[in-house]
Structures are given as structure tokens and as C-alpha cells.
Amino acid sequence: MRVETVQALKLSPFEYRFRAPCHLLIAAELAERDGGETFVEGLPRSTQRIFTRKLTFVPAGHDFRGSQQPRALTRIACFYIDPDGSLADPALRFSEIEFRPRLFFHDRDLWETAIKFKFQIERPGLMHRQYGEALSILLAHELVRFNGNARRGGGPFDRGGLAGWQQRRVTEYIEEHLAEDIGLATLAELAQLSPYHFCRSFKRSFGIPPHRYHAVPSSTQLEQNRIFRRSLGDHLDARNSRSRLKGGPARYPARRRNA
């Protein structure tokens, strides 16, 4: 993964264009304009005037271009991410994911990770290589997590927690294996998340970490799941509800400056 900071030195109009075999994540620390437009292939053009503290994601191979009459001295951080990079967790299958373009959006976790990574890159003498690699891996995980939420839509449980389909899959698996010692990696794989992000998202959704949920008596879990099913509403089909309530099994196919 390569990171660079771009800083405008004068308030003069400029144009830009980008297309490459790598993903591009842009974190706009300061961005205001009096005129101009921005285009990411696959999305409508935008003439938004203020996009300070906004993110833009351009998938590999997509066209990205625009023009700007700046109102302030633009300052952005660009993250060039190799889809086949060796630092990504193999379990993510990062190179196989079809990422969607996004323009001028905000995601707190993704923003904070990107800015922290940029801060470390700008101070190479203070950064341990292992820490830089960990941040780059975390950034890849955050992109996968965000792309998944964007693809499935924002339900009531998507704000920092597990999506509805992830909650169903994990709770069903726990119900079916109550007498077993279930590893965190197993549950994370069911939700298609890293163990780190799964643990954090699970706690946001259920209020307790996975190991404590697994330790709750089954009768209490069934009541929690009934409440959960009612709250999800249309996210859950009646046939699968009946199967769970009867105890029937639900089956599932079980970097640079260089960091």
C-alpha cells in the first residue's frame, strides 16, 4: 500500500484524472470549492462545494476525474491499494471482492484508520514497521466491512454492528452448537469478517461479546432471538423462523511508503 499527501499551494483552478489497476481511497482533510465537478465511473457527477472530512473510494480500473475552483487550499491523503497485495488477510479474499465506487461519504471507523495510518507514514522515524503493517491490514478490513454494508443496504442493525443476515447466521450456529466449544474464528468466518471486527460488531449488536452470549442458557438465547426476529421484521422470512423455533438445523456451506 502506498500513501501520499497532496497539498494545494495556491487558489488556482485545476483538473485531475485517475485510472489504475489499484484501488484509490481519498481522505479529504480540507476541501472547499466555488465551482467544478467530480466524477467517479458508475456514479452521477457531483458539484458538491464542501467535502472536508469526506472520503472517496475509486475501485481499480474505474475512471476518476474532475475540476475545481478551490475556495481553500485543498489538502487530501491518497491511499493506493493493490488488490493483490500480500499484506491483506488471505481469509478476506480481498482480490476477489467487487468493490463499489463511493463519492464524498463519511464512515467514522474508516476515516480514523486512514488518518492514523497517514499520520504514521508522515513520521517514519517514529513508526515501527509492524505497526504500519497492522494499520494497512486494518484499513483493508475496514474497506471490506464498509463495502459489505453498502452492498446489503443499511438496516437498523448496520450502524457499526452486524448486518441482519450476519446476526441470523451466527445466532443460528450458536444455537445448534451450544454444547461445543465454538472458536471466535469460526463465528467470524460465518459473518465474513475478521475476528477483530467481528468481535467489536457483535458486541455493538448484542451488548455482550460472543463468548458471553454463547454462555447464556439456551432458553434465554431463544427469547433474545425472538426479540431480535421481531425487530428485524421483513429481513427474516417466515419459513426460516419456524425452522429455528422448532430447533431444526439451518444449513450453510460451513503497503508502501511501504507498510
Query - Test ring pair (Phe, Tyr, Trp, His ring centres under 6.0 Å) applied to F57 and F79, step by step - result: CA-CA 10 Å; F57 182 75; F79 302 81; over 10 Å; no
Query raised in the report: Given D107 and R102, is the salt bridge (Lys or Arg N to Asp or Glu O under 4.0 Å) satisfied, shown in steps?
Result: CA-CA 11 Å; D107 181 87; R102 294 297 304 271; over 6 Å; no
Report task. Would you check, one step at a time, whether the test side-chain contact (heavy atoms from CB on, under 4.5 Å) holds for I97 with V144? Result -> CA-CA 8 Å; I97 296 174; V144 172; 3.6 Å; yes
Query - Audit row: L143, L110, side-chain contact (heavy atoms from CB on, under 4.5 Å) steps and yes/no - result: CA-CA 7 Å; L143 284 171; L110 183 54; 4.0 Å; yes
Report task. Decide yes or no on side-chain contact (heavy atoms from CB on, under 4.5 Å) for F18 and H62, but give the supporting numbers first. Result -> CA-CA 8 Å; F18 176 88; H62 282 57; over 6 Å; no
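With H177 contributing its side chain and Y173 its backbone, the two residues share a donor-acceptor pair below 3.5 Å. In terms of modelled atom types and a separation under 3.5 Å, the side chain of T186 and the main chain of I182 share no donor-acceptor contact. Judged by distance alone, the side chain of H23 and the main-chain N or O of P59 form no donor-acceptor pair under 3.5 Å. In this structure, S67 contributes its side chain and G36 its backbone to no donor-acceptor pair below 3.5 Å. Without hydrogens or angle criteria, Q48 side chain to I50 main chain gives a donor-acceptor distance under 3.5 Å.
In terms of heavy-atom proximity, L184 sits nearest to P210 at CD1-CG, 4.1 Å. Across every non-hydrogen atom of A191 and V170, the tightest pair is CB-CG2, 4.3 Å. Residues L139 and F117 share a closest heavy-atom pair of CD2-CD2, 4.2 Å. Scanning both residues, L103 and P44, for their nearest heavy atoms gives CD2-O, 4.3 Å.
Rounding to the nearest 0.5 angstrom, the gap separating the CZ atom in R168 from the CG atom in L162 is 12.0 Å. In this structure, CD1 on I26 lies 7.5 Å from OH on Y80, to the nearest 0.5 angstrom. Rounding to the nearest 0.5 Å places CZ of R2 at 14.5 Å from OG of S136.
With sequence neighbours excluded, the residues satisfying side-chain hydrogen bond (donor to acceptor under 3.5 Å, both in side chains) with E29 are K118. Judged as a ring pair (Phe, Tyr, Trp, His ring centres under 6.0 Å), and not counting sequence neighbours, the contacts of F64 are Y16. In this structure R49 satisfies the side-chain contact (heavy atoms from CB on, under 4.5 Å) test together with R33, R71, sequence neighbours excluded. By the ring pair (Phe, Tyr, Trp, His ring centres under 6.0 Å) test, F198 pairs with F202, sequence neighbours left out. Contacts of D63 classified as side-chain contact (heavy atoms from CB on, under 4.5 Å), with partners at least two apart in sequence or in another chain: R17, R19, F39, E41, R65. Under the salt bridge (charged side-chain N to carboxylate O under 4.0 Å, His left out) criterion, E32 pairs with no residue, sequence neighbours left out. Applying the side-chain contact (heavy atoms from CB on, under 4.5 Å) criterion to S95, with sequence neighbours excluded, gives D84. In this structure L138 satisfies the side-chain contact (heavy atoms from CB on, under 4.5 Å) test together with T113, E142, Y196, sequence neighbours excluded. Every side-chain hydrogen bond (donor to acceptor under 3.5 Å, both in side chains) that E37 has, sequence neighbours left out, goes to R45.
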Give the table of side-chain donor-acceptor pairs shorter than 3.5 Å for residues 5-15, with sequence neighbours excluded, one pair per line with atom names and distance.
unit_1, atom_1, unit_2, atom_2, d
T5, OG1, E122, OE2, 3.1
Q7, NE2, T74, O, 3.4

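No chain of hydrophobic side-chain contacts below 4.5 Å, direct or via other Ile, Leu, Val, Met, Phe, Trp or Tyr residues, connects F51 to L73.
Residues R53 and W111 are in side-chain contact: their nearest non-hydrogen atoms beyond the backbone lie under 4.5 Å apart. When side chains are defined from C-beta on, L187 counts as touching L190, because their heavy atoms get closer than 4.5 Å. Contact check for H141 versus R145: no side-chain heavy atoms found under the 4.5 Å cut-off. Side chains of L24 and C78 form a contact here, defined as non-hydrogen atoms less than 4.5 Å apart.
A salt bridge links R204 and D109; the closest N-O separation between the charged side-chain nitrogens and carboxylate oxygens is under 4.0 Å. Remark: E98 does not engage R100 in a salt bridge, criterion side-chain N to carboxylate O under 4.0 Å.
In this structure, the ring of F146 has its center no less than 6.0 angstrom from the ring center of F99.
Grouping Ile, Leu, Val, Met, Phe, Trp and Tyr residues whose side-chain heavy atoms lie under 4.5 Å apart, directly or via other members, leaves L30 alone, with no other cluster members.
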